[in-house]
Amino acid sequence: MNWQWIRHGKIFTPGEFILNGQPGLFAQSPQTLVFETFIRIYFSTRTPDPHNGKYISHVAYVDMDKTLQKVLATNQQPVICQGETGCFDEHGIFPFNVVPYKNKVMAFTTGWNRRVSVSVDTAIGLATSQDAGKTFQRFGQGPVMAASQYEPCLVADAFVKVINDTFHMWYIFGTGWKQYAPDSPPDRTYKIGYAQSADGIEWHRQQANQIIPDRLGPQESQALPTVAHFGGLFHLFFCYRESYNFRQAAGRGYRLGYAFSEDGITWTRDDTKVPALGETGEWDDEMQCYPHIFECEGHIYLLYNGNDFGRDGFGLAELKLS
C-alpha cells in the first residue's frame with residue numbers, strides 16, 4: 001500500500017477553554033472514545049500544586065464533531081478524582097487510555113508520583129465509568145501493573161485493545177536512571193513492551209520484553225504506543241527521543257516512530273511511514289509526540305502533540321491508502 005498523510009493542523013488549543021472549572025493548561029496525549037454522533041477526546045491538562053507550585057496532572061476531555069473541526073463541549077466537572085496521598089497516582093494521571101468493553105468504559109491510567117532521588121515513578125491503574133465516559137471511578141487505590149523484577153521502574157503508557165475477549169496491552173517500562181553529567185539530575189530510559197490479560201486486571205508479561213528495536217541505540221527512550229489493525233496488519237505508532245539533554249538541544253526531542261506486525265507481538269520498524277515535521281514556524285516544527293491512531297467512519301486518523309510536549313494543544317493527520 002502507498003501511504004499519504006494529510007495534515008489538518010492543530011485542532012484544539014487548551015488555553016481557549018475552561019477545563020475542570022479552570023482555564024486549560026496543556027492538552028497532552030489525546031485519546032478517543034467514538035460515539036454515534038461525536039468523538040470524545042481525553043487528554044491530560046495541568047494545574048500548579050498549591051503546596052509547592054509544581055504541576056499536577058488532571059484528566060480532561062473535549063467533545064468534537066465527527067469532522068474533528070468543531071468543538072461541541074468540554075468537561076465542566078472532574079473526570080476522575082485526584083489520587084490519595086502516598087498512592088501511585090498522587091500527583092496526577094498522564095496518559096488516560098479508554099476502552100469500551102461490554103456495558104461500560106474502562107480506562108487504563110498512568111499514575112505518577114514524585115520521588116526523592118529521581119524526579120518521578122509511574123504505574124498503570126484501572127478505572128471504570130458507568131455514565132458513558134463522563135466520570136470514572138478507580139478499581140482500588142493501587143495499580144494493576146507496576147515495577148517488577150525485570151521492569152524495575154516507570155511502568156506506564158498503557159494502550160489496550162480487546163480482541164476475541166483477550167485484553168492486549170502495549171505499554172512502556174523503564175530500564176533505569178543514569179546521571180549523564182555531574183551537575184545534572186538523572187535521566188530515565190524506557191522501552192515498549194507487551195502484556196496479555198483475560199480480564200484487564202491480572203496481566204502476564206515476558207521477562208525480556210522490549211518489542212520495538214532501537215534506532216538511536218540503547219539510550220533511546222520510546223513512549224506512548226498506540227495500535228490499529230488495517231490492511232491485514234497491526235500498525236503501532238509511538239514517539240522516541242534521546243534519553244538525555246532532550247529538552248535543550250535541537251534534534252534530540254521526541255519524533256514519531258512506526259512499526260508493523262502480523263500478530264501484534266513481533267514487530268518490524270519503519271519510521272518512514274510517519275507524518276513529517278511541520279514547516280518552520282508551525283506548531284510541530286520541532287517536536288511530535290504522544291500519538292493516537294484510530295478509525296472513524298472509514299477514515300484513519302492520527303492525533304498527536306507538537307512542540308513543548310503539548311502545552312499548546314494537539315493536532316490531526318489523516319492517512320490515505322492506495
Side-chain angles (χ1 to χ4, degrees), residues 8-85 87 89-101 103-112 125-141 158 224 283 290 292 294 296 301 303-306 308-316:
H8 293 289
K10 184 154 66 79
I11 63 170
F12 182 75
T13 302
E16 298 176 355
F17 299 91
I18 299 298
L19 306 169
N20 295 320
Q22 300 184 51
L25 180 63
F26 285 83
Q28 294 179 295
S29 184
Q31 307 211 22
T32 58
L33 182 61
V34 178
F35 290 87
E36 184 176 350
T37 60
F38 67 94
I39 298 173
R40 177 163 294 156
I41 305 174
Y42 297 89
F43 54 88
S44 288
T45 189
R46 304 186 189 185
T47 58
D49 188 331
H51 300 294
N52 53 31
K54 296 181 178 181
Y55 284 130
I56 296 175
S57 297
H58 302 278
V59 179
Y61 67 73
V62 57
D63 292 340
M64 302 189 73
D65 73 343
K66 285 202 165 180
T67 70
L68 290 165
Q69 297 300 314
K70 182 180 180 181
V71 171
L72 305 177
T74 60
N75 67 297
Q76 298 301 304
Q77 60 178 325
V79 176
I80 187 171
C81 62
Q82 186 175 338
E84 297 289 338
T85 300
C87 290
D89 55 355
E90 176 182 4
H91 297 119
I93 292 173
F94 163 53
F96 189 80
N97 174 236
V98 287
V99 183
Y101 183 64
N103 296 322
K104 58 187 176 184
V105 181
M106 305 175 73
F108 292 90
T109 70
T110 292
W112 65 274
L126 173 63
T128 58
S129 173
Q130 304 294 336
D131 59 3
K134 292 182 179 178
T135 60
F136 288 79
Q137 295 74 43
R138 286 172 176 77
F139 182 81
Q141 296 300 324
L224 210 87
W283 68 284
Y290 310 143
H292 175 72
F294 72 103
C296 180
Y301 292 119
L303 296 170
Y304 63 97
N305 290 121
D308 205 12
F309 305 93
R311 177 183 291 274
D312 295 324
F314 54 81
L316 177 71

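Computed from a prediction, not measured in an experiment: that's the story for all the values here. Along the sequence shown, the residues carry numbers beginning at 1. Values below: every heavy atom of this structure, side chains too, minus hydrogens, waters and symmetry copies.
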Worksheet item: Side chain of Thr45, backbone of Phe26: donor and acceptor closer than 3.5 Å?
Response: yes

Worksheet item: Does a side-chain heavy-atom distance below 4.5 Å link Leu303 with Ile11?
Response: yes

Item to complete: Considering non-hydrogen atoms only, spot the tightest contact between Asp49 and His51 and give its length.
Response: OD1-N, 2.9 Å

Worksheet, complete the sentence: Here the pair of heavy atoms bringing Ala158 nearest to Phe108 is CB-CB, 4.0 Å

Practice prompt. For Gln141 and Glu84, work out which heavy atoms get closest and say how close.
Written response: OE1-CG, 3.3 Å

Practice prompt. Report yes if the side chains of Tyr301 and Leu68 come closer than 4.5 Å at any heavy-atom pair, otherwise no.
Written response: yes

Item to complete: Determine whether Asp89 and Trp112 make a side-chain contact, defined as any pair of heavy atoms from C-beta on separated by less than 4.5 Å.
Response: no

Worksheet item: Is any side-chain heavy atom of Ser57 less than 4.5 Å from a side-chain heavy atom of Ile93?
Response: no

Item to complete: Scan residues 57-68 for pairs that pass salt bridge (charged side-chain N to carboxylate O under 4.0 Å, His left out), counting only residues two or more places apart or in two chains.
Response: Arg40-Asp63, Lys66-Glu297

Discussion item. Could you report the tightest heavy-atom contact between Pro95 and Leu224, atom names first, then the distance?
Written reply: CG-CD1, 3.4 Å

Worksheet item: Is a side-chain N or O of Lys10 found less than 3.5 angstrom from the main chain of Asp312, in a donor-acceptor match?
Response: yes

Practice prompt. Output the distance between atom CG (Leu25) and atom CZ (Arg46), rounded to the nearest 0.5 Å.
Written response: 7.5 Å

Worksheet item: Which atom pair, heavy atoms only, marks the closest approach of Asp131 to Ser129?
Response: OD1-OG, 2.8 Å

Worksheet item: When rounded to the nearest 0.5 angstrom, what is the spacing between CG in Leu126 and CG in Asn97?
Response: 11.0 Å

Item to complete: Using the ring-ring contact (aromatic ring centres under 6.0 Å, His included) rule, collect all pairs that involve residues 61-85, keeping only residues at least two apart or in two chains.
Response: Tyr42-Tyr61

Fill in: Phe309 vs Tyr290 side-chain heavy atoms within contact, under 4.5 Å
yes

Practice prompt. Measure the spacing between NZ of Lys54 and OG1 of Thr47 and express it to the nearest 0.5 Å.
Written response: 14.5 Å

Worksheet entry | Test item: side-chain donor near acceptor, Asn305 and Gln28, under 3.5 Å | no

Discussion item. What's the separation between atom OG1 in Thr67 and atom CG in Leu316, rounded to the nearest 0.5 Å?
Written reply: 9.5 Å

Worksheet item: About how many Å separate OG1 of Thr74 and CD1 of Ile41, when rounded to the nearest 0.5 Å?
Response: 12.5 Å

Item to complete: Anything under 30° is parallel, anything over 60° is perpendicular, the rest tilted; go ahead and classify Phe96 against Phe136.
Response: perpendicular

Fill in: Heavy-atom closest contact (Val71 atom, Val62 atom, distance)
CG1-CG2, 3.7 Å

Fill in: Spacing of His292 atom NE2 and Thr32 atom OG1 [to the nearest 0.5 Å]
3.0 Å

Worksheet entry | Centroid-centroid under 6.0 Å between Phe17 and Phe12 rings | yes

Worksheet item: In this structure, are over 12 heavy atoms from other groups packed under 6.0 Å from Phe294 atom CZ?
Response: yes

Worksheet item: Is there a side-chain contact between Asn75 and Lys134, using heavy atoms and a 4.5 Å cut-off?
Response: no

